[in-house]
Amino acid sequence: MILPEVQSNYGKLRLYINGEYVDSKTEVWGNVYNPAKDEVIAKVPFSTKDEVKEAIQVAQEVFEKWREVPITTRIQYLFALKNKLEEYSETLARITTQNHGKTVQEARGDMRRTIENVEAAISVAYTLYKGEHLDQVSQEIDETVVREPLGVFGIITPFNFPTMVPFWYIPYAIVLGNTVVVKPSEITPIPMDFITKIFDEIKLPKGVVNVVHGAKDVVDEFLTNKLVQGVTFVGSTRVGKYIYENAGKNGKRAIVQAGAKNFIVVMPDADLNKAIPSIVSSFFGNAGQRCLAAANLITVGNIYDEVKRKFVEASKQLKIGYGLDESVDMGPVVTRDAKKRIIGYIEKGIEEGAKLILDGRDVKVPDYPNGYFLGPTIFDEVTPEMIIAKEEIFGPVATIIQAKSLDEAIDMINRSNYGNASSIFTTIGYYARKFRREVNAGNIGINIGIAAPMAFFPFGGRKDSFFGVLHGQIDSVDFFTDRKVIITRW
Ligand code: NAD
């Protein structure tokens with residue numbers, strides 16, 4: 001069944017500042033597309049500098065009042081937010097599919113994790129109460145640590161999870177008494193635009209969450225404006241490095257979650273009946289546009305032929321189409337440019353001498369002939385030195401690499417510039433333990449293809465996949481608070 005679109009067109013998006021919808025005065029507008037149809041479904045303003053400044057100024061003024069609101073009351077807003085997100089979950093999933101291209105089942109998964117982050121933030125008051133106080137640290141001296149919110153934070157998000165990624169931070173920031181200015185991806189801004197209506201409906205005090213649109217100029221204002229205490233960023237390594245450097249230069253806190261090139265290792269003892277479906281969805285779920293998506297498949301020992309055959313067979317079965325069709329397994333990639341870039345990598349792989357054993361370039365979706373579709377693509381005879389094995393492609397392209405031993409596989413993984421996630425499929429505890437201890441990545445999957453931590457665990461990578469100290473999700477509690485020590489003598 002093909003589900004209806006929530007709206008066919010979302011018009012000119014507005015800014016959300018101090019609880020009001022503001023028509024941007026900018027002269028620069030971008031097109032927002034439905035990637036399955038190649039149709040413009042909204043116009044996104046690239047906010048002017050003054051508009052961003054105003055949003056930050058408002059957030060600063062509101063911070064002074066919001067921090068005085070008891071945490072028990074702030075938590076009540078989060079309960080209301082959770083209930084409304086549940087109520088609008090299916091609507092938001094369909095909007096996400098329409099704007100991003102992922103299947104509606106995938107978008108529903110995003111919504112669950114979005115809501116889970118609100119739930120985890122609700123628990124913050126209960127987990128923080130544990131009290132950092134010591135009586136009599138010296139003669140008649142007591143010491144107490146209190147956590148205080150810091151002020152205004154800029155939240156910068158990527159195109160691929162337009163609801164979930166902002167919610168790795170927003171609920172934690174605001175429940176702790178901070179205020180935020182959010183800048184969604186200019187490619188997928190519609191879901192966040194819809195969520196502003198929810199903030200209105202729950203009567204979240206005006207100005208606690210503000211939303212501005214745009215790209216680099218907005219980010220640069222976040223990075224230089226004296227009122228901004230810190231930024232969170234999720235996106236590519238190139239932009240992430242720029243943000244981390246400039247946040248540091250300007251004395252701001254930063255969490256920077258960046259690009260990835262993830263590995264899956266299959267050991268000869270793996271249970272392939274369970275492993276193959278998990279591997280296929282790890283490579284091709286979200287059309288490969290996940291920071292935790294697998295990119296390189298390493299087979300160890302004599303299981304290579306069987307894994308290759310089964311992986312290709314299962315990948316061929318995937319139905320490609322518009323994600324609002326519930327029978328579809330894989331939607332389009334997000335933009336025409338993304339499709340072009342991914343095809344460029346496929347051509348590069350052929351040039352490098354890898355063997356293309358499944359070619360997704362000429363996939364046809366008759367009902368949506370203009371969509372940015374690509375089928376699952378698999379390269380064999382790949383070596384770790386090839387560009388297609390090293391660089392982030394961020395599309396439905398898999399490589400297969402052979403290794404003689406687990407040591408060799410781990411060595412290949414650890415030589416990668418990235419360190420977001422790696423998974424192993426095995427039935428032997430020794431291999432699993434060795435893998436989790438020796439692989440240098442932030443997230444390890446054991447018989448799980450997508451090693452995505454729940455909201456109440458930290459989320460971050462290593463090497464070029466992450467810059468900073470504190471991670472996303474629950475870890476951001478320490479990022480959004482500062483600890484003040486009070487030393488008392490009576
Ligand atoms: P991107 O880096 O192009 O954009 C991310 C954000 O940065 C957007 O809001 C964009 O407007 C802004 N931006 C773009 N260019 C900028 C510039 N020159 N200066 C300042 N800001 C700029 O990333 P994307 O294409 O939207 O997202 C895909 C990337 O995100 C992939 O690399 C993926 O691995 C990564 N990602 C990482 C994680 C993680 O947890 N590590 C999660 C999701 C996505």
Side-chain angles (χ1 to χ4, degrees), residues 28 30 32 35 44-47 52 99-102 110 113 117 154-169 181-189 191-192 211-224 231-247 254-262 285-295 333-335 337-339 341-342 345 391-395 416-421 441-443 450-453 455 457-468 470-473 475-476:
V28 188
V32 182
V44 64
F46 283 58
S47 315
V52 185
N99 187 179
H100 173 283
K102 66 180 75 185
D110 298 5
R113 193 50 62 87
N117 271 285
I155 311 288
I156 308 154
T157 64
F159 78 81
N160 65 334
F161 286 97
T163 61
M164 180 185 81
V165 168
F167 276 73
W168 284 352
Y169 306 107
V181 183
V182 184
K183 192 210 77 66
S185 161
E186 66 280 23
I187 299 170
T188 54
M192 191 38 108
V211 178
V212 293
H213 294 289
K216 184 174 188 306
D217 289 350
V218 177
V219 171
D220 285 344
E221 185 59 35
F222 287 173
L223 290 171
T224 50
V231 292
T232 67
F233 168 85
V234 181
S236 62
T237 295
R238 180 184 62 82
V239 179
K241 277 185 175 165
Y242 169 81
I243 287 176
Y244 195 60
E245 276 167 23
N246 284 281
I255 296 180
V256 169
Q257 301 190 220
K261 188 79 180 176
N262 304 312
N286 235 18
Q289 302 165 113
R290 283 194 280 215
C291 66
L292 295 176
V333 296
V334 73
T335 58
D337 281 352
K339 180 170 173 177
R341 191 198 67 240
I342 297 162
Y345 272 110
E391 293 185 6
E392 181 177 43
I393 300 175
F394 222 55
S416 166
N417 289 338
Y418 294 103
N420 216 32
N443 305 285
I450 291 283
F457 282 83
F459 191 160
R462 293 192 179 168
K463 298 192 270 183
D464 275 357
S465 297
F466 180 80
F467 303 95
L470 298 165
H471 293 178
Q473 303 197 138
D475 222 20
S476 67

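Computation of the quantities below employed the complete heavy-atom set of this structure, encompassing side-chain atoms and omitting hydrogens, waters and symmetry-equivalent molecules. Since this is a predicted model, take the numbers as computed values, not measurements. Along the sequence shown, residues are numbered consecutively beginning with 1. First listed ligand is number 1; within each ligand, the first listed atom is number 1.
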Please enumerate all residues that pass ring-ring contact (aromatic ring centres under 6.0 Å, His included) together with Phe161, with sequence neighbours excluded.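 ring-ring contact (aromatic ring centres under 6.0 Å, His included) list for Phe161, sorted by chain: empty.
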Strictly inside 4.0 angstrom of atom 4 (O) of ligand 1, do you find any protein heavy atom?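 When distances to the protein are checked, atom 4 (O) of ligand 1 has no heavy atom within 4.0 Å.
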With a cut-off of 4.0 Å, which atoms of ligand 1 are near a heavy atom of [X]?
X	result
Asn420	41 (N)
Gly259	32 (O), 34 (O)
Asn160	43 (C), 44 (C)
Glu392	31 (C), 32 (O), 33 (C), 34 (O)

May I ask you to say whether Lys102 pairs ionically with Asp110, meaning some side-chain N is under 4.0 Å from a carboxylate O?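 Looking at Lys102 and Asp110, the cut-off is met.
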Mode of Glu186 contact toward ligand 1 - side chain, backbone, both, neither (heavy atoms, under 4.0 Å):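 Near ligand 1, Glu186 shows its side chain, while the N, CA, C and O stay back.
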Proximity to ligand 1 by part of Phe466, non-hydrogen separation under 4.0 Å: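 Near ligand 1, Phe466 shows nothing, with every heavy atom at 4.0 Å or more.
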Test Ile243 against Ile156 for side chain to side chain contact (heavy atoms under 4.5 Å, CB included), laying out the working first. CA-CA 10 Å; Ile243 287 176; Ile156 308 154; 4.1 Å; yes
Less than 4.5 Å apart, any side-chain heavy atom of Trp168 and any of Thr157?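 No, every pair of side-chain atoms sits at 4.5 Å or beyond.
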For the ring pair His100 and Phe159, is the centre-to-centre distance below 6.0 Å?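 Ring centroids of His100 and Phe159 are less than 6.0 Å from each other.
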Just how far is it from atom OG of Ser476 to atom CG of Leu470, taken to the nearest 0.5 Å?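 The OG atom of Ser476 sits 8.5 Å away from the CG atom of Leu470.
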